[in-house]
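Take a look at the structure set out below.
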Amino acid sequence: MTTGEAAPESPNARATVEEKPTSETPLSDPSSNPEKDTTMSIDQPSTDTDALDLPSATLEPPVVLTGAGKGKRVGGKGVAGSAAQAPPAEVVMEASPEPMDDKPDVSPSAAVPATDTSPVVQKELQLPLEVGTKVMCKWRDDKYHQVRIIERRKLPDGIDDEEAHEYYVHYLEFNRRLDEWVSLNNFDLTTVICVDEKLPTEGGGRRGAQKRKLDEKEEHDEEHAEFDPAILREHEEFTKVKNIERIEIGKFDVQTWYFSPFPPDVSPCDKLYFCEFCLNFMRRKTQLQRHLQKCELRHPPGDEIYRHNNLAFFEVDGKKEKIYCQNLCYLAKLFLDHKTLYYDVDLFLFYILCEIDERGYHVVGYFSKEKCSEEGYNLACILTFPQYQRRGLGKVLIAFSYELSKKENKVGTPERPLSDLGLLSYRSYWTRVLLNIIKKRRGNISIKDLSEMTAIKTDDIISTLQHLNLIQYQKGQHVLYANPKIIDRQLKEVGAACEMEPSKIMWTPYNAEKDYQGYRG
């Protein structure tokens, strides 16, 4: 989720996007002049919410919030396996990045332990380096960072040469989206740490070594605190190496972040080509060019339910447009780590945000929701594609999901766990909406009142105010202490509200009974 400012190049995430000339796409007007090639770098949104932890001030008389107990802290945390898996269906929020807010997280996702307590075997260095080895590696900032070798492979022309290997590494300081293949020349071989699982451990033998590694991960990886450790380890083993390095969609060439279980006829490969309108994918550019000459779709299938300025929303039923929704899930998984894939998309509705120009409707992001959620979730998965990030479109997606909840006369909340970037986006939205109401309100206001006015769940309201240090629990009730100047400062930190007109929404809530009758025929 729902997934920065141009800061010093942050190791937390970076996607390189190269714009392709519009004239390359057969869909453009042949008489139009081709655009010049440009290159732009997209970094993940930065964590401006850290600046929201401001000291509380007392305003007499205080505003009293009543009618709720202590709130929960929301948290969030990111398949190689056989690519012959069944088509994916919809996802549950998760944990990544996605990135979709405008202010990216520039702080590392997981801190590096001050000292490495793993058993170290001092022995003569042997090449190629073994999987699991830790070593200092030069990154794009020309500084050395500690990495763990995840996988290795021989170079095509490196027969019988021990140094002719590439290594897939994970930077221990950074999110998995920055994992990459590097050559031996990037390593400082004087810093090699070999982990020998055969050494005795506190837990005893191999099982003890595995338990120690798991405990270290739990201690240092707060992003994944809501995941079961065993499931998390199995997931990361299954998805440890990206199978698609880059994609081309429309005029953009985008570097991927994570593994996605594409069918075996297209995966693994260095580059995959997508039709930006129907989301079909191919291995070769010539296949895409032939497809574009025949593809007549210029917008997502489904109903257009919103249009304002150059933005439009389409509602797509996963049951009616199964292939399109499955392709969307394949594509989204490249930029979401802990996106759970199912075999069926029938139970989900997809809300596709598009940018409109003379060539058609271009998908910039989407969110999905269950047709009938017993837990009251108003959003299952959210993503703004990297080439459209840092433009406030994540705010539009989140705001739109709550506007739909208001039309349903329901209180909504996103599915947990949230990704690191998703949590930042939601906290930014909740902060802006709640503080604008509190700023204008005179007298007491209850949390229930705030929830009814905003369609935000009470737990999310309490956790947001606690995160801002604006609320305290005293004598059985929550009391807000906030100076108007502090509120103004915090509103300035989260930025302006998104440009969306709720009055432009033309939408009827999903009717399960009507859908069932239609299915029966």
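The structure displayed is predicted, hence computed values, not measured ones. Worth knowing before you read on, the calculation uses all heavy atoms, side chains too, and leaves out hydrogens, waters and symmetry mates.
Applying the ring pair (Phe, Tyr, Trp, His ring centres under 6.0 Å) rule to F281 yields the partners F262, F274, Y330; only residues at least two apart in sequence or on another chain are considered. Remark: K457 engages V411, T413, D459, D460 in a side-chain contact (heavy atoms from CB on, under 4.5 Å) (not counting sequence neighbours). With sequence neighbours excluded, the residues that form a side-chain contact (heavy atoms from CB on, under 4.5 Å) with E403 are K406, M500, P502, I505. Checked against side-chain contact (heavy atoms from CB on, under 4.5 Å), H308 has the following partners two or more places apart in sequence or in another chain: Y306, E501, K504. With sequence neighbours excluded, the residues satisfying ring pair (Phe, Tyr, Trp, His ring centres under 6.0 Å) with Y361 are H299, F314. Scanning for side-chain contact (heavy atoms from CB on, under 4.5 Å) contacts around E245 gives W181, K242, D270, with sequence neighbours left out.
Heavy atoms only, all atoms of each residue included: I356 and A312 are closest at CD1-CB, 3.9 Å. In terms of heavy atoms, L468 sits closest to Q490 at O-NE2, 3.7 Å. Across every non-hydrogen atom of F335 and T256, the tightest pair is CE2-CA, 3.9 Å. The heavy-atom pair separating G318 from C325 by the smallest distance is CA-SG, 3.7 Å. When every heavy atom of P300 is checked against every heavy atom of I352, the shortest pair comes out as CG-CG2, 3.9 Å. The minimum heavy-atom distance between L397 and L383, with the atom names listed, is CD1-O, 3.7 Å.
Residues W430 and Y402 have side chains in contact (heavy-atom distance under 4.5 Å, counting atoms from C-beta outward). Side chains of D488 and K492 form no contact here, defined as non-hydrogen atoms less than 4.5 Å apart. Considering only heavy atoms from C-beta on, F350 comes within 4.5 Å of V345 through its side chain. The side-chain heavy atoms of L404 and W507, taken from C-beta on, include a pair separated by under 4.5 Å. Considering only heavy atoms from C-beta on, R246 comes within 4.5 Å of D253 through its side chain. Using a 4.5 Å heavy-atom threshold, the side chains of D449 and E452 count as touching. Contact of the Y426 side chain with the P414 side chain is registered, since non-hydrogen atoms from C-beta on lie closer than 4.5 Å. Inter-residue side-chain proximity for P268 and I244 is flagged as unmet; no heavy-atom pair is nearer than 4.5 Å.
Side-chain rings of Y351 and F313 stay apart, their centers remaining 6.0 Å or farther from each other. In this structure, H362 has its ring center at least 6.0 angstrom away from the ring center of Y388.
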Verdict with supporting geometry, E276 and I249, side chain to side chain contact (heavy atoms under 4.5 Å, CB included): CA-CA 6 Å; E276 63 176 329; I249 179 167; 3.8 Å; yes
I461/S451 under side chain to side chain contact (heavy atoms under 4.5 Å, CB included): CA gap, chis, key distance, verdict: CA-CA 8 Å; I461 294 174; S451 180; 3.9 Å; yes
Trace of the side chain to side chain contact (heavy atoms under 4.5 Å, CB included) decision for K439 with L435: CA-CA 6 Å; K439 179 181 178 180; L435 292 190; 5.9 Å; no
Verdict with supporting geometry, N310 and D357, side chain to side chain donor-acceptor pair (under 3.5 Å): CA-CA 7 Å; N310 68 330; D357 64 15; over 6 Å; no
Derivation and outcome, side chain to side chain contact (heavy atoms under 4.5 Å, CB included), residues N378 and K410: CA-CA 9 Å; N378 66 350; K410 295 180 180 179; over 6 Å; no
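Expressed to the nearest 0.5 Å, how far OH of Y273 lies from CG of L288 amounts to 8.5 Å. The distance from the CG atom of L292 to the CG atom of N280 is 10.0 Å, given to the nearest 0.5 Å. Between M506 atom CE and R307 atom CZ the span is 12.5 Å, to the nearest 0.5 Å. Annotation: the span from L347 atom CG to S373 atom OG amounts to 11.5 Å, rounded to 0.5 Å. The CD1 atom of I445 sits 6.5 Å away from atom CD1 of I437, with the distance rounded to the nearest 0.5 Å. Between atom CD1 of residue I456 and atom CD1 of residue I462 there is a gap of 12.5 Å, rounded to the nearest 0.5 Å.
Looking at E355 and R391, a side-chain N of the basic residue comes within less than 4.0 Å of a carboxylate O on the acidic one, giving a salt bridge. Contact check on K371 versus D346 returns no salt bridge, with no Lys/Arg side-chain nitrogen under 4.0 Å from an Asp/Glu carboxylate oxygen. Classification of K369 and E315 as a salt-bridged pair fails, no side-chain N sitting under 4.0 Å from a carboxylate O.
Side-chain atoms of R298 come within 3.5 Å of backbone N or O of C295 as a donor-acceptor pair. A donor-acceptor distance shorter than 3.5 angstrom exists from the side chain of K333 to the backbone of L336, with no hydrogens or angles considered. In this structure a side-chain-to-backbone donor-acceptor pair under 3.5 Å is missing from S428 to L424. Although no hydrogens or angles enter the test, the distance criterion places no donor-acceptor pair under 3.5 Å between the side chain of D303 and the main chain of I305. For N436 (side chain) and R432 (main-chain N/O), a donor-acceptor pair under 3.5 Å exists by modelled atom type. With S267 contributing its side chain and P264 its backbone, the two residues share no donor-acceptor pair below 3.5 Å.
Between the side chains of Y258 and N243, not a single donor N or O lies within less than 3.5 Å of an accepting N or O.
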